[in-house]
Amino acid sequence: MHCDDFEMLMADALGDELTAEDRPVFEAHLVGCDRCRCEYETSMTALDAMRGLSGPTSVSMRREGDRLVLERSSQAHRPMGLRLFGGTMRYAAGIVLAFAAGYSVNTVLPMLEPVGEVSRDTLMVDGVDDNPSAHDLQGALVKTHIRKPSRSRLATALIAIGSARR
Amino acid sequence: MTQTGNPPGGGFDQYTSDVYGWAYRLLGRHHDALDVVQDVFLRWNAQCARQAPELPRGWLRRVTLNRAIDLRRKRHLDPMSSDDALATAAVEVDASLSVDREVLRGDIALAIDQLTDAQRGVLVAKVYDGMTFAQIARELDLGLSTVKTHYLRAVRSMRDRLQGRWAKEAL
């Protein structure tokens with residue numbers, strides 16, 4: 001095959017579209033022709049260099065009037081449902097952590113303070129010591145009840161536990 | 001033609017990623033690529049107001065490549081200075097490889113600039129869009145052998161211009 005007639009096969013080979021039928025003809029010519037073989041090898045090197053350039057990351061687009069706003073997104077390939085689920089779980093985890101932290105601060109810390117002797121008669125949810133002391137369990141519970149009526153149930157339970165121990 | 005003036009093939013929205021990709025490969029910088037996308041978007045609207053392109057993707061590729069090359073020239077990105085390359089590589093993990101890659105990108109952009117419009121369009125469609133010769137021929141309304149000829153000449157031109165780079169590296 002003459003080199004001039006080889007042009008279309010060369011284009012197919014460089015474009016990775018050489019058919020099974022043409023491949024043996026192409027390879028046979030390359031074996032016998034230094035010029036075409038050199039051209040093929042150097043051209044493939046140039047193409048590999050071009051293909052080696054990294055492409056862009058995914059972009060998401062939205063319109064604002066006549067403007068386009070594009071944003072690169074490393075998570076653009078994740079399904080919307082998966083992203084929403086992840087966001088919801090993170091939000092829920094934050095709420096749980098905040099509740100646990102508040103619960104710990106308001107219940108555990110008072111219990112760590114020195115506790116005086118608790119009188120059964122004074123541990124009444126509805127009865128409030130006029131001068132609640134922060135230095136004993138009763139005082140702490142009363143203060144909790146006054147400050148946060150919603151926690152009076154907890155205070156009631158703790159009072160009951162204290163009473164039972166008596 | 002649709003109410004918005006878009007051609008039957010679809011509006012700009014469906015080609016945005018392609019336009020951005022073409023621009024990014026030549027420019028290598030996100031914000032420069034965004035500038036080109038905005039510019040091409042405005043030109044697209046202006047063109048559709050007159051007469052929508054019959055072959056929208058081919059039209060967009062040609063305009064995008066031209067605008068990207070113009071932007072490169074305008075911002076004196078050829079050749080990329082070491083400082084520019086390092087600034088671009090600042091966010092990359094391996095700075096030394098990134099600098100080299102950005103210099104290569106500049107060399108390739110320079111070489112693409114020397115091609116004719118037809119050669120440039122065929123080469124980018126083949127190498128970066130992964131299209132077949134038949135698809136390119138349909139998109140650009142050219143004959144199959146014409147597309148192959150353009151491709152072969154483009155590859156030869158790129159090879160000749162990049163060989164100088166490899167010769168320097170070998171020394």
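All of these numbers come straight from a predicted model, not from anything done at the bench.
Counting all heavy atoms, side chain and backbone alike, B/Arg159 lies closest to A/Ala46 at CA-CB, 3.8 Å. The two residues A/Leu14 and B/Tyr151 come nearest to each other via the heavy atoms O-OH, 3.0 Å. For B/Ile108 against A/Ala49, the heavy-atom pair with the smallest separation is CD1-O, 3.8 Å.
Separation of atoms OG1 (A/Thr42) and CE (B/Met158) is listed at 13.0 Å; rounding is to 0.5 Å. Here the CE atom belonging to A/Met50 is positioned 12.5 Å from the CG atom belonging to B/Asp107, to the nearest 0.5 angstrom. To the nearest 0.5 Å, atom CG of residue B/Leu162 and atom CG of residue A/Leu47 are 10.0 Å apart.
At a heavy-atom cut-off of under 4.5 Å, chain A is reached by B/Lys126, B/Val127, B/Tyr128, B/Met131, B/Thr132, B/Phe133 from residues 124-136 of chain B, listed in order of number. Within residues 31-40 of chain A, the residues approaching chain B closer than 4.5 Å by heavy atoms are, in numerical order, A/Glu39.
Within a 6.0 Å radius of CG in A/Asp16, no more than 12 heavy atoms belonging to other residues, nucleotides or ligands are found. Atom CZ of B/Arg153 has 12 or fewer neighbouring heavy atoms from other residues, nucleotides or ligands inside a 6.0 Å radius.
For chain B, the nearby parts of A/Glu7 are the backbone and the side chain; heavy atoms of each come within less than 4.5 Å.
In this structure, A/Phe6 is not a member of the same hydrophobic cluster as A/Met8, with clusters built from ILVMFWY side-chain heavy atoms closer than 4.5 Å.
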